[in-house]
Amino acid sequence: MPSMASNNYHSQPKPDSFARRQKLEQQRKSLPIASVEKRLLEEVRKNDTLIIVGETGSGKTTQLPQYLLNGGFCRDGGVIGITQPRRVAAVSVAKRVAEECGVPLGQKVGYAIRFDDATSSSTRIKYLTDGLLLRESLLDPSLSKYSVIIVDEAHERTIHTDVLLGLLKSVQKIRSQVANKLMSNDSIKGKNGLLLKAGHGDLLKPCHGRKLPPLKLIIMSASLDARVFSEYFSGAKAVHVQGRQYPVDILYTLQPETDYVDAALITIFQIHLEESPGDILVFLTGQEEIESVERLVHERLRQLPEANQKLLTFPIFSSLPSEKQLKVFMPAPAGFRKVILATNIAETSVTISGIKYVIDPGVVKARTYDADTGIESLDIVKTSKAQALQRSGRAGREGPGKCYRLYPESEFEKFENSTTPEIKRCDLSNVILQLKALGIDDIAGFDFIEKPNRIAIVRSLESLFLLGALTEESKLADPVGHQMARLPLEPMYSKALILANQFNCLEEMLIIVAMLSVESIFYAPRDKLEESRTALKCFSSPEGDHLTLLNVYRASTEFLEKNKLTNSKEKAEKNLRKWCKENFVNSRSLRHAQDIHRQIKKSIEQMGFRITSCGDDMLLFRRCLAASFFLNAALKQPDGLYRILSSGLMVQIHPSSILFRSKPECIIFDKLVRTNNSYIRNLCRIDYLWLPELAPQCYGFQE
DNA sequence: GATAGTATC
């Protein structure tokens with residue numbers, strides 16, 4: 001049982017709880033969706049698939065599951081699952097709904113996200129991330145415990161949402177067939193071939209002794225265009241639910257701006273000097289841009305009369321340490337106006353109160369994936385109409401607001417309606433591995449809501465084959481493919497763990513894989529660049545970044561363990577955060593790495609692997625890295641550039657690498673990212689001759 | 001000698 005539920009157990013007769021419950025009830029009843037409760041229930045009863053288009057503030061995410069529960073959709077122990085693209089949303093909405101229901105969190109109402117499961121056998125309304133539901137489907141392909149699944153925020157079209165939609169469509173078909181045929185022995189197969197491998201037997205097991213009812217599916221989207229979903233679900237009915245937002249005045253420029261940073265600056269001061277009180281939210285593309293705008297604001301501010309200087313800037317982006325992020329949420333001192341300089345983190349992930357003005361330059365840094373080369377890059381591109389709408393909406397949450405779009409209206413008309421679905425702009429190896437594990441072998445024929453690039457599929461199939469996850473017939477290899485699919489990691493990392501078991505360096509590899517799985521372990525603000533470099537030196541290894549990361553992880557664990565001997569757990573963790581700060585380590589990233597380490601260690605042990613260490617034999621460990629990351633091997637060229645052996649691409653070592661200066665002859669790397677140049681990050685020195693020996697499938701001599 | 005948008009298992 002989750003700890004949170006037990007906390008609430010003793011706290012029911014609070015004196016103000018009745019008043020609070022009444023207030024909550026009142027708020028519930030005043031939500032726009034409340035007026036259509038009966039109709040929605042009726043539609044869900046009539047239609048197996050329903051699309052609900054609900055604008056911000058309609059209350060769909062919190063209310064619909066409660067309506068369904070009260071409407072009897074959990075009879076026979078069925079669970080209502082509501083998926084969210086983000087962890088924080090799953091947790092916060094579940095908390096709210098538990099409160100509205102007057103029950104302790106983790107009982108009737110709960111949530112499940114990676115590393116944190118607050119559900120129990122009595123949970124009927126379960127909020128979870130879409131990625132986690134995908135994982136659940138590997139263990140239970142018919143999702144037998146769910147009577148209803150609600151896919152929320154479907155318009156965001158994350159890769160998980162897209163794969164999930166395909167899967168759910170297939171599960172739904174199978175479950176309705178099972179229900180109709182009443183467990184006849186006819187071969188049952190969805191269009192997506194879900195049962196090919198999951199097997200009939202597997203599907204029927206959960207319904208032994210009880211009939212598996214058809215799966216009700218509800219797709220919730222904030223986009224104005226429900227047609228895509230409706231068409232995908234064979235003309236499913238779409239219902240519109242009103243939202244509740246304050247009006248936002250949209251202002252365009254007359255002419256296109258040549259320099260949106262400058263235009264943003266001018267607009268900030270125009271608002272500051274001429275408009276009524278209220279905070280400003282500015283959307284920028286990245287950390288560097290945010291930091292430079294911050295400096296420029298301060299510069300110009302100093303030139304103003306002192307009475308006009310009451311303006312404070314707050315940066316926010318994901319790699320900003322949490323304690324600095326939190327400052328954004330504190331109200332400005334009396335008489336001061338806040339300017340929040342944000343990346344698109346403030347579009348959906350983070351909601352800041354007090355915003356009355358939004359400045360939107362109409363650009364965003366977006367990931368693109370070139371299937372031909374396999375290179376991911378981050379490019380500044382124009383936003384979509386949907387994104388622009390989302391941004392302007394941030395000004396109308398607490399009262400009427402204004403949004404300054406730094407481009408002409410004619411430009412807006414040229415924007416795409418919505419952002420390209422993620423599945424069309426990323427590497428597909430992981431998705432393919434998951435689908436294969438579900439018994440779906442024909443990836444190109446899978447009924448995706450939007451088909452991924454065919455070349456991207458071929459490329460991923462090929463690398464999965466070279467990693468030994470797939471057979472020559474492109475089936476999941478036994479046991480390596482199955483083992484890799486079980487681990488919640490990128491395929492190459494899973495492979496590294498499986499090999500590390502054979503090389504007897506699992507202890508080290510578990511740490512490396514956890515550290516590589518998180519974003520930016522090191523945080524170096526520009527003004528402390530030298531200091532951070534000195535700090536890093538204590539950990540650095542001449543063999544490369546992998547061993548450096550290993551040293552950092554071990555040093556941090558050692559520090560924490562020692563601290564725990566003389567301090568309470570809380571105090572020790574606080575000291576660790578201090579240690580992180582002194583060593584320019586992002587403590588949030590480090591904790592994330594620890595979480596991942598704990599989780600994959602458990603999975604690895606469950607798979608029957610024994611965790612052994614290679615001690616000081618780093619040669620052995622580097623050989624294991626070479627055997628796993630052979631697809632990312634590169635060789636130094638006479639001009640100092642590196643040539644990636646598997647693709648022939650010419651790349652450079654990123655200056656943040658420990659090996660930037662030493663430039664070894666042959667290396668493996670973790671990631672290739674294109675910015676101004678093609679840079680490889682996180683490298684380890686290897687011996688060129690290891691490649692044909694350890695990865696003959698890729699570097700074998702041809703006869 | 002340069003930066004890393006946002007998520008997730």
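Order of the sequence lines fixes the chain letters, A, B, ..., with proteins taken first and strands second; residue numbering starts at 1 for each chain.
Comparing atom distances between the A:Thr129 side chain and each of B:dC9, B:dA4, B:dG5 picks out B:dC9 as nearest. Candidate nucleotides B:dC9, B:dG5, B:dA7 were compared by shortest atom distance to the side chain of A:Arg425, and B:dG5 ranks first. Nearest nucleotide to the side chain of A:Glu519, out of B:dA4, B:dA2, B:dG5: B:dA4. Of the listed nucleotides (B:dT8, B:dT3, B:dT6), B:dT8 has the atom at the smallest distance from the side chain of A:His160. Closest contact between the side chain of A:Lys365 and the listed nucleotides B:dT6, B:dG1, B:dA4 involves B:dA4. Side chain of A:Phe660, nearest nucleotide from B:dG5, B:dA7, B:dG1: B:dG1.
Of all the residues in residues 284-298 of chain A, A:Thr285, A:Gly286, A:Gln287 reach under 4.0 Å from DNA chain B with at least one non-hydrogen atom.
No side-chain N or O of A:Arg459 forms a donor-acceptor pair with one of A:Ser429 less than 3.5 Å apart. For the residue pair A:His155 and A:Ser418, no side-chain donor N or O sits within less than 3.5 Å of a side-chain acceptor on the partner.
At a threshold of 4.5 Å between non-hydrogen side-chain atoms, the residues A:Ile449 and A:Thr161 do not count as touching. Annotation: side chain of A:Arg391 is in contact with side chain of A:Val364 (closest heavy-atom distance under 4.5 Å). Using a 4.5 Å heavy-atom threshold, the side chains of A:Phe115 and A:Arg598 count as separate. The closest side-chain heavy-atom distance from A:Tyr407 to A:Lys382 is not below 4.5 Å. Taking 4.5 Å as the limit, some side-chain heavy atom of A:Gln390 sits within range of a side-chain heavy atom of A:Thr348.
Phosphate contact (OP1/OP2 of B:dA4, side-chain N/O of A:Ser319, threshold under 4.0 Å): absent. Look at A:Arg135 and you won't find any side-chain N or O under 4.0 angstrom from OP1 or OP2 of B:dT8. Using a 4.0 Å cut-off, some side-chain N or O of A:Thr343 falls inside it from OP1 or OP2 of B:dT6.
Backbone-only contact: A:Ser318 has heavy atoms under 4.0 Å from sugar-phosphate atoms and none from a base. As judged by a 4.0 angstrom heavy-atom cut-off over every strand, A:Arg661 is placed among the base-contacting residues. Contacts of A:Ile380 with the nucleic acid, taken as non-hydrogen atoms under 4.0 Å apart, are absent. Within the nucleic acid shown, A:Gln434 has no heavy atom closer than 4.0 Å to any nucleic acid atom. The residue A:Asn676 sits close only to the backbone: its heavy atoms come under 4.0 Å of sugar-phosphate atoms, none of a base. Within the nucleic acid shown, A:Arg114 comes within 4.0 Å of at least one base atom, counting heavy atoms only. In this structure, A:Leu378 reaches the bases: a heavy-atom distance under 4.0 Å links it to at least one base atom across the strands shown. Across all strands, A:Thr158 comes closer than 4.0 Å to no nucleic acid atom at all (heavy-atom distances). Counting non-hydrogen atoms under 4.0 angstrom, A:Arg533 reaches a base of the nucleic acid.
At a threshold of 4.0 Å, the pair A:Lys365-A:Glu288 does not count as salt-bridged, since none of the basic side-chain nitrogens sits closer than that to a carboxylate oxygen. The residues A:Lys414 and A:Glu411 are annotated as salt-bridged, a charged nitrogen and a carboxylate oxygen being separated by less than 4.0 angstrom.
Paired runs in DNA chain B never reach 3 or more consecutive Watson-Crick or G-U pairs with both distances under 3.5 Å.
Closest non-hydrogen pair, A:Ile345 versus A:Phe317, comes out as CD1-C, 4.2 Å.
Heavy-atom distances to DNA chain B give each of A:Val364 and A:Leu132 a nearest nucleotide, and the one nearer the 5′ end belongs to A:Val364.
A donor and an acceptor atom never sit less than 3.5 Å apart when one is taken from the side chain of A:Arg87 and the other from the base of B:dA7.
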